Structure formats: C-alpha cells, structure tokens
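Sequential numbering from 1 along the given sequence is applied to the chain's residues. Every heavy atom of this structure was used, including side-chain atoms; hydrogens, water molecules and symmetry mates were not. Small disclaimer: the values here were computed from a predicted structure and weren't measured.
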Amino acid sequence: MSCQYLSIECLIIGGPTPSRAVDNGRRSSADPPRVGSGRFPVLTDTGLDPRRVSELSESAMPTLSELLRTFRIRAGLTQAALAEKAGLSEQAISVLERGTRSRPRIDTVRSLTAALALTPSEADQFLSVARGKGKQSGEPKRPEPASAADGPLVPWQLPPAAPDFTGRSAQLDAILSVLRNPTGTGPVGLVAVTGMGGIGKTTLAVHAAHKLTESYPDGHLYLNLRGYGPGDPMSVADAQRQLLRSLGADPHRVPADVEEAAGLLRSRLAGRRILVLLDNAADASHVLPLLPGSSGSSVIITSRGSLTALPGARQIHLDALSESESIELLSGVVGEERVAAEPTAAKSLASISGRLPLAVRLIGGRLTARPNWPIQHLVTLLEDEERRLDSFGSDETGVRASIASSVEFLEHSERPLDREAARAVPLLSIPDGSDLVVAVAASILELPAHRTGAILDRLVDLNLMEAVAPERYRFHDLIRAFGRERSDDTLDQAQRDAVLERVLRFYTEFGWAVQSKSHATNPRLAIATTPFSPLPATTSTESAADWLDAEHRNLMDRFHQAIASGLATAPIIPDLALALFGYHEYRSRWVEMGEMCRAAFGVAEASGLRLMTAWLVHDSAIPEVESGSLEVAADRLLHALELFRAIPDRHGQARCCSSAAHVLGRLDRVVEAIELGTEGLEISRQLGDTTVEGVSYLALGGLYDRNGDYDLADDAYQRGIALAEASGDLRSVAKRYLSTGFSHVLVGRTDDALEPILRGLEAARRGKNKELQSQALQHLAAVFALRGEYRKAQETVEEAIELIRPLGNRLRLGYFTLELGKIGVAAGQFTAAARHLQDSIEILHDVSPHFEIAARELLDLARREQAQPYIYKQPQGT
C-alpha cells in the first residue's frame, strides 16, 4: 500500500445515468430529416435515418468504429482535433475507429458525446453500441449480470497513476505479461506484489493497472483493505459488500455469510472483463473470498506480508530502488537541474533515504518547499540518525507511521509469535552491523535458536526484515532507525548496554572455543573469564574460521560500538580481544588484532587484570611486525616482558623472549636477541612447553643465520620442525617450514630457501589452510624473483592473491599487490608495475603506513622508468 492513496475513497466513476431508450431507432417527427444514400444508414441530427432504421435488424446495426468515424467526419474534426476537444489521447481515438477496442469506458463515451455535440437520440445510440447492444450477430455475446436499467455499471475506481513513476521495469513487465489478456480468455490472472511499507507496491500496481485498460473494458475496481492500517483492517464481509455495491448489487440483499457472498461476487464478475486491485491486504485469507472464479477478470493484490499461500499467484517482491533509480525519482520531484548541480549530495540523499520510494518522495517534497536550500544542507541534517525519521514525514503518510503500522499489526495479533516478533524489533535494532545471524539474535533475545529463527522469519513475512542468506537477516536502514527509536523510548541505557554485552559475550565464547581448537596449548586459554564450551568434534577449525570471516565486519562494528558505550570499561572488552587471538593469528588478520588490542589494553590495566594486560601488550606488537614497524614492535615486546616478569608469569616470559628475539634479530640487535632467545628456550624446557620451545628454536635459527653460523642455524631449524611434526599439527609444521625458508631468504640463502618453502606449501595444502598456502606462495615468489625468474614470480603471487582475496584480509592483499609491483619494476614492465603499485597504495591506505610509503616510493621509480635496473629486494613482511 502506498500512503499517498490513503485518502482516496472507492468512487464509482460511471454509475447509472438517466435512461434514454433508443426506441428502436425511431425519432420524433419534429426532428428534420437529413438526406443521404449508400449501404450505411443516412444519419440525421437525432441518429439514423427514420426511413431506414426501422428496416434494420440487430445484425445490421453499425459498429462503434463506424459510428464514431461518421460522427467525427460530420463534425469536421481530425482524430487529433477530436482527441484534444474530448480531453483524450489521439491513440485512444485511433484504436476506437480501427475497431481494436469496442468497449470504451463510460467516461470516454461521455467525453466523446460532448465533443461531437451529439443530440440526445444520437447519444443514446452511441452509448448503446458502445455497451455492446448493437454488436453484429457474428460476434459472441458475453453474458451480462443483473444490472441497472441501462446495462451493467462500468466502475473506474483506480487512483491516478503517479506521474513520477520510476524504475521497476522488470517487475512491471512481469505484471503485464501475466495480466495482459486482449481476448478475455484463459484462467483468472493473479499477481501478488509484496514488500515493506513505502517500497512502492501500490504505485507499481496502479501504474500497471492503467496500462491494462484495453484488456479490461468492463472496468476496474479498487479497494484498500487496510491490512496494515491506518485503522483496523477491513473485514472480508465489508470488502465483499463494497465490491458488490460497486458492481450494482443492492447492498441490502448481500448475504451475511462470507461464503455465500463470495459466490454472489463471483456471479457478478462472471462474463465480465474487470481488473480488481486489492490494496494493502493482511494475508492470503484476507483476499481469497474476494477473487473472481471465471475467465476474463484478474486481480492485483498488494501486501506487506507474504502472499505465497495464494494459489496460482505470480509473486512480485519489491526491494529498494537502485541508486540511479532513486536519483531519477528525486530529479522528478525537485528538478533535474537541482540534482545535476549537486550530484554527490544527491547520491548521499538516496543512501540516507534507504532508496525507499516513499522516503525519496517525502524528502524531495521537503526540498521543493525550500528552493533555496542546497541539497547538501539537508544531507547534513539527515546524518543525525536520531532526527532522520522526522524528516520523512510526521503524520500518517510518513515513513515512521508506515513502519509503525506493521509493528502494531504484530503487537495486536492473537498469535504469540507475532507479539514476540513485535517485542524483538527494538532489541534486534540495537547492535551496529549490516546484518544479524540467528545465533547472535538468539543471544540478544535470550531465546533458543529455533524460536529466534521463527521470530526472524515472521519479521521477514511482514517485510520488516530481509533474509539475505541462510541464517542471516537484515533490517532496512529506516526500519532499524525506527527500532532504535523504540528502544530509546522503552529501554534505559543500562538495558541497551546489556543487549550489546550479550552480543559481545557470544562472540567471546565462540572465539575462545575456536582458539581451544586452533591453539590447543595456548596459555591465553587459562585466563579466559567467559566460560565456553569446546567446538563439536565435527566442526573443523577452518569451518569455524569461515563463519568468523563472514561475521567479522559485524563483530568489529559492534566492538567499536561497545567502546563508545557504557561498556567501554567492562572486562568483556579485553576478554573478547584475547579470545579472538587464535582466529586473528590463524587468518593473519593483523589489522583487526591491533585495533582490538590497543582498545582493550587500557581497560584491562584499569581493571587490574595484570595478566590480560601483559598478553594484550605482547599481542599488540604482532601487527607492527607484520606491517614492517619493527622498532615499535620491539618496544612493546620488551615492555610486555617486564610485565610478565613482574607478575610473574613464566609462560608469558618464554613467549615474549622468543618473539623479542625474532624482532631484535631483524633490527640487527643480534647479541641481545640471542640472549633472549636462549632464555626463552630454557624457560620453555623447564615448563615442558614444546610449542614455545619449538618457536624458540626457530628464533635462534634465524639469529644464527644472520651471524653466518649456518650449521647451528640448520640444527635449530630441524629441532623446531621435529617438535611440530611430533605433535601431528600440520599447521605448526607448515608454519615452521615457512619460517625457516623465509629466514634463509632474508640472509640471502636463496637456493637453501626453496626446499623448506615447498615443504611448507605441501603441509599447508594437506591441512587445507588457504592463508598458509598463500604465505608459502608469497615466499616462493620471492625466491623466483631473486633468481631473476620474474614471470614465474608474477604467476605465483597472482595465485596467492586468488587464495587470499575471498578471506577479506586487506593487509595481505595489499602486500601481495605491492609484491607484484616490485616484480614488475625489476622486470622493466613499468606500466603494469605502476598499475599494481597504485592499487596497493589504495588497499594499504590506513592499513599499513610503512608499506604504503614503500609502494609510493617504488611507484615514483616506475613512472620515471629508471635507466638503472631496479634490483628486487627481499620482502619485509613475514
């Protein structure tokens, strides 16, 4: 239902007119005769020549096209002149004269009667033929229901078509393909148009109905069933009475029984070609007793609710307009020149309005009433979400009222599920993020998943939510704004914070469960403050990581939302950051790890959570290493080591020593690094922590490599790899082989690097770990590039990009793209290299300043096409 039609009453345009009998063609003797000859009866001022008309049988009566052409020629008018005088289109006159259409609307007949200045007798004759009483005997007669004295009523109740109708071409074509019926044969045509309030259902239905007039010459019926307001829904019995009254039935003789009245309605529609538009239906049961039963007539139904239970109906679901359609609609309201002057602001306005036609029209009307306002000024006002709905109409025709009527429909329902769905709207609207999965929604509502799924599906049925994928749902932006208004009105700040905390707690539980599978010996697991259950044995680490990949943007949005709320100092913040360490490390999501650790560190410190604080400081250094900021990373690791020593916590000390040894070695602080690496190795042996022991061997191997002690280095590498192989953890095996190969690359042992990298790639493939496979390919490409095998290097990096792209890791994608640029410059392919480098700059912006600067410097070289060849350098990432 479109709100613009709420005030339009169902008027019968073309009801009974004073009857003027043709009296068998005879006229008063007072009317002067007009002489003529030929097959067609000579016309007089009052109709047919009385000398001939008495001889005519019904089979010889003129057709409508012959009558109209004769009257027009007599009046000395062209088709165009008659059309202008009658207020009709020239096409309408043409199709009538060609005989393409033989049953015009009654208002068309009256307009032509006036424009042609027909006498009363001529008017009666013209009307009689137009009503089909003068058809040639060769044409089959259609059965006519009981009617008024001058024939059946021809209702024409459609609201006017919107002059700014925009888009919807595919949906319009679908409706026309089902309902266009020039012969009046075939089954009853049914089309159901569904979508959220304000999406343009009625506008589309009315627009389509106006295009179908040729197929339904006996008229159009329009009825607003008020399924979702305003006011109470129209009862089926009332709807039947109104439709029957429009078809000429005595309202006092309409049966009270719904089934009996349905039969009478079908009888009244039988043999007639009428299009019925049933607007704003509550559900399928609301319209079933109102449908025709025989060929000729058709029905368009609009509803916010699902109408899939309607047998045989073509389902047309409306989504928001596209950006271009929204801007086109806005141009139609405020003027093309105004939109063209501020195209960026117009795009912003389309986005803020949610590309909802009702909202676009209302906001366009506001601009039209303020011709001196820049569009950008209104955009600025609407960026305040709390005021947004106020700008989209405040009365019953506004967006807020449209959404509220759907929610109120649920609130007043007799079904418990509906009432639960209504209560869920303000709660589900609280968290940021683009969508909601069932598991998160269940945490918000504190209900079982199966009940939550039923509630979400019910909201989808009423188009208050959209099912974007299995188990994943989404609010339209304006519906979420409405829901947040309701939550502000019905919940205090503590209650809203509690909803958000339940969301974060769900992510925390899941994060710890994933980490217990991906990093089973991780000492962080011992400091979890949120209880969690292990993942089912049938759930792999990869599938759990895939789920978090799909949900991670929502997770980060809600984490930042919590930091800005009353939860900013809550212990759930550091708990969540540490819970996600396993996932972030598994997927190399260093940017997100850094964001969460930096935000959570202060909360943990202020809360006196010393062990959490130390681990967060340690973990915040890892993204700095991966982005090339080694000095910053070294400072943080040494600070974390002090914190672990002060607690004291030996597991943390051992890990910090091995991590710091790796970073300090790359900063050429080798002596200091070896001391820390040895300390970490000793502590890990004392603790029996073979994981940290193996990592310590890898760190020491890299340091020995830098000192040129290759035998010591290789021994350390082999010991570290052997510990991983003994554990049976393919991921650890792959990582240690790759770490060995990468360390060789850093010190120039290019040929020695090839075997461990290939072994690491093979282990990563066996473990089906795409992230480690991409890392292996990155290292392999570096070996090829250092050997001058640029084509192989380029193909290998491209293979790595194809693996990493679906994971949505911007840092890794940006770094690999930078590698393509480096290889291209080294190969002298400056144009291609410049393109890759420009892409990497765009990806790395705000992600890694270090690598972005490196890309910009290399881009300058590529654009200048240096005469001196660029030598490919060892990669800086890990």
Side-chain angles (χ1 to χ4, degrees), residues 519 521-524 581 585 590 614-615 617-646 648-724 732 735-749 753 756 874-878:
H519 298 68
T521 61
N522 192 332
R524 294 171 184 81
F581 168 82
E585 199 274 342
W590 312 122
W615 278 111
V617 174
H618 170 275
D619 293 353
S620 71
I622 299 174
E624 302 297 340
V625 175
E626 298 297 335
S627 66
S629 302
L630 299 178
E631 293 284 358
V632 175
D635 289 343
R636 291 186 182 173
L637 288 170
L638 294 175
H639 177 46
L641 181 57
E642 292 175 0
L643 294 174
F644 280 121
R645 284 171 173 167
D649 183 86
R650 289 173 62 75
H651 285 285
Q653 289 177 52
R655 173 57 80 175
C656 260
C657 285
S658 64
S659 299
H662 171 76
V663 175
L664 292 173
R666 291 178 62 180
L667 290 171
D668 291 329
R669 295 160 63 177
V670 178
V671 174
E672 184 182 359
I674 290 177
E675 290 178 358
L676 289 174
T678 303
E679 180 183 348
L681 179 61
E682 292 175 354
I683 295 174
S684 63
R685 282 174 170 172
Q686 293 168 9
L687 295 172
D689 187 340
T690 56
T691 300
V692 178
E693 182 183 354
V695 173
S696 298
Y697 276 127
L698 267 291
L700 287 169
L703 295 169
Y704 296 145
D705 249 350
R706 288 180 180 278
N707 275 348
D709 298 328
Y710 296 152
D711 290 338
L712 286 175
D714 291 346
D715 180 67
Y717 291 138
Q718 289 170 8
R719 288 174 181 269
I721 291 169
L723 287 170
S732 291
K735 283 179 69 69
R736 292 182 189 180
Y737 271 121
L738 295 180
S739 180
T740 299
F742 183 69
S743 294
H744 288 342
V745 168
L746 288 177
V747 298
R749 296 177 63 184
Q874 294 93 336
Q876 297 300 306
T878 59

Side-chain heavy-atom pair [X], [Y] within 4.5 angstrom cut-off:
{"X": "Tyr704", "Y": "Asp715", "answer": "no"}
{"X": "Leu681", "Y": "Glu693", "answer": "yes"}
{"X": "Arg719", "Y": "Leu723", "answer": "no"}
{"X": "His618", "Y": "Leu641", "answer": "no"}
{"X": "Val692", "Y": "Ser696", "answer": "yes"}
{"X": "Lys735", "Y": "Leu698", "answer": "no"}

Main-chain N/O of Tyr737 paired to Tyr717 side chain as donor or acceptor, under 3.5 Å
no
Keeping Arg669 on the side-chain end and Leu664 on the backbone end, is there a donor-acceptor pair under 3.5 Å?
no
Closest approach of [X] and [Y], non-hydrogen atoms and distance?
{"X": "Gly665", "Y": "Ala673", "result": "N-CB, 3.7 Å"}
{"X": "Thr521", "Y": "Thr691", "result": "OG1-OG1, 2.9 Å"}
{"X": "Gln653", "Y": "Pro648", "result": "NE2-CB, 4.0 Å"}
{"X": "Gly701", "Y": "Ala713", "result": "O-CB, 3.3 Å"}
{"X": "Ser620", "Y": "Arg636", "result": "O-NH1, 3.1 Å"}

Just do the side chain to side chain contact (heavy atoms under 4.5 Å, CB included) check on Asp689 and Arg655 with the steps written out, would you?
CA-CA 10 Å; Asp689 187 340; Arg655 173 57 80 175; over 6 Å; no
Hey, could you give me the OH/CZ distance between Tyr697 and Arg736, rounded to the nearest 0.5 Å?
11.0 Å
